[in-house]
Number of protein chains: 2
Amino acid sequence: MPTDRQNVNNGMTTQPETAPLSPTTIDLLRHGQVATPDLFCAPSHEPLGISGWKQLTLATQTGQWDAIITSPSRRCHDFARLLAQRLDCPFAVDARFGEMDFGDWVGQTQAAIWEQDAQLLQQLWYQPRRFIAPHGEAMEDFIARVNQAWMQLQTDYAGQRVLVLTHAGVMRVVLAKVLDILYQKSLHFEIGYAQLTRIRIYPDGIASLVGHGLPQA
Amino acid sequence: MPTDRQNVNNGMTTQPETAPLSPTTIDLLRHGQVATPDLFCAPSHEPLGISGWKQLTLATQTGQWDAIITSPSRRCHDFARLLAQRLDCPFAVDARFGEMDFGDWVGQTQAAIWEQDAQLLQQLWYQPRRFIAPHGEAMEDFIARVNQAWMQLQTDYAGQRVLVLTHAGVMRVVLAKVLDILYQKSLHFEIGYAQLTRIRIYPDGIASLVGHGLPQA
């Protein structure tokens, strides 16, 4: 069976009259481990721990990007800014790539949340579309803002190689969008610290998942 | 957001009374490039080309597996058998991990098929569930046999690390099963030569996609 639907298009369909654009490659990189252990969701000011820095350094050591975008959270932003300096490439902060706002759960351990809100925590996994943490953001709103940022990214950086430093929840929303599946199904993907998901968008608008969980770019 | 649903289970739910089993790790590895260029689907006797051998050698050089299973096609079988010898591990051929039978299309170039059967070729991508190549296997039958082999594999090799040398179509069926999505959606995954998809099955039966498109195991 051919590798992907691009095989079918290559040389087979009518070529566009203008020269074809390059595909856009977007790498989503999850932040590394934060300094405080066992948090369900770290607060925005929480820095990476030493091992988190190492994880991200390893994950990006051979990668080449034309632009770097980051969530405003320190665990993404601090490393992204330095990487952009090292690669001497454009750098932008986009709050829409920030993690879902877990409200009162932010900064708590998972064990503590389980004690207070076991049912709600379970809902996040079994009925995620209806989930809202206490004083937090609704899943539907979260999905809408990430998708909006994702669509704009493809326009603003068409034909380029872009790295986005972001969070597991954000990556799940994008995976669901790219694969055209429900957010729930994206829970079957494991997303470890400093793991990378590579998506390629072809000039005909088709998006493909090229890689996931890559140890290095 | 936590990495995956395992986070929710760890230490949170009642532990089983028996010691927990290890997860089962199943790596699906697509064969390398075959000797004859540009075939839509190679015949079963078609060998790997030199670059195909190199691709598979690179993809497996650091991997460790307890057992190796292969499709009977030479492009999978020849390398799998030698790898099992090198790793001194059990080796089995399972015809159910063979590629979909494309009937009269086997051994033809994609350009030739496009000339004869353009509409049918397009159906493979846009209505794959109804697809049958001339004198070939129905997609529904193909999906059923791969799923059957996939379920049995999890039982026969529970708790082990298994490598399956196979084909892109087979990998798409497994991806659809693991992610609980329609086969059509698996077409959003790119599956290059000698690329690996790693799936982990936890003792509670939950399957996760750990990696895809990994350059090395």
Side-chain angles (χ1 to χ4, degrees), chain A residues 1-13 30 39-41 99-100 102 110-111 113-115 118 121-122 124-126 142 167-172 175 178-182 184-193 195 197-200 206-216, chain B residues 1-13 30 39-41 99-100 102 110-111 113-114 118 121-122 124-126 128 142 167-172 175 178-182 184-193 195 197-200 206-216:
Chain A
M1 190 167 283
T3 307
D4 55 52
R5 69 172 71 205
Q6 271 63 51
N7 285 1
V8 175
N9 293 334
N10 286 348
M12 300 297 173
T13 53
R30 190 184 176 211
L39 294 179
F40 172 78
C41 181
E99 186 54 292
M100 185 172 182
F102 283 99
Q110 191 159 279
I113 295 167
W114 184 259
E115 274 187 31
L121 186 58
Q122 286 188 307
L124 176 57
W125 297 103
Y126 297 107
F142 172 60
H167 307 264
V170 172
M171 291 168 74
R172 293 192 191 287
L175 281 166
V178 166
L179 298 173
D180 188 24
I181 59 177
L182 287 173
Q184 284 89 317
K185 307 291 185 184
S186 76
L187 298 173
H188 288 288
F189 284 79
E190 296 199 13
I191 305 178
Y193 288 126
Q195 282 203 337
T197 297
R198 173 164 293 172
I199 290 151
R200 194 157 285 149
I206 298 291
S208 285
L209 182 64
V210 177
H212 171 79
L214 301 175
Q216 315 193 171
Chain B
M1 189 168 283
T3 306
D4 54 54
R5 68 173 71 205
Q6 273 62 52
N7 284 2
V8 175
N9 294 334
N10 287 347
M12 299 296 173
T13 52
R30 188 181 176 212
L39 294 178
F40 172 78
C41 180
E99 185 54 293
M100 184 172 182
F102 284 98
Q110 192 160 279
I113 296 167
W114 185 260
L121 186 58
Q122 286 188 308
L124 176 57
W125 296 103
Y126 296 107
F142 171 61
H167 307 264
V170 172
M171 292 167 75
R172 293 193 191 287
L175 281 166
V178 166
L179 299 173
D180 188 24
I181 59 176
L182 288 174
Q184 282 89 319
K185 307 291 186 185
S186 76
L187 298 173
H188 288 289
F189 284 79
E190 295 199 13
I191 304 179
Y193 288 126
Q195 282 203 337
T197 297
R198 173 164 294 172
I199 290 150
R200 194 157 285 148
I206 298 291
S208 284
L209 181 64
V210 177
H212 172 78
L214 300 174
Q216 313 193 175

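Because the structure is a prediction, the values reported are computed rather than measured. Letters A, B, ... are given to chains in the order of the sequence lines, protein chains preceding strands, and every chain is numbered from 1.
With values rounded to the nearest 0.5 angstrom, A:Asp180 atom CG is found 9.5 Å from B:Leu182 atom CG. Separating the CD1 atom in B:Ile181 from the OG atom in A:Ser186 is a distance of 11.0 Å, to the nearest 0.5 Å.
A donor-acceptor contact shorter than 3.5 Å is absent between the side chain of A:His188 and the backbone of B:Leu209.
The residue from A:His212, A:Gln195, A:Glu190 that alone fulfils the side-chain contact (heavy atoms from CB on, under 4.5 Å) condition with B:Val210 is A:Glu190.
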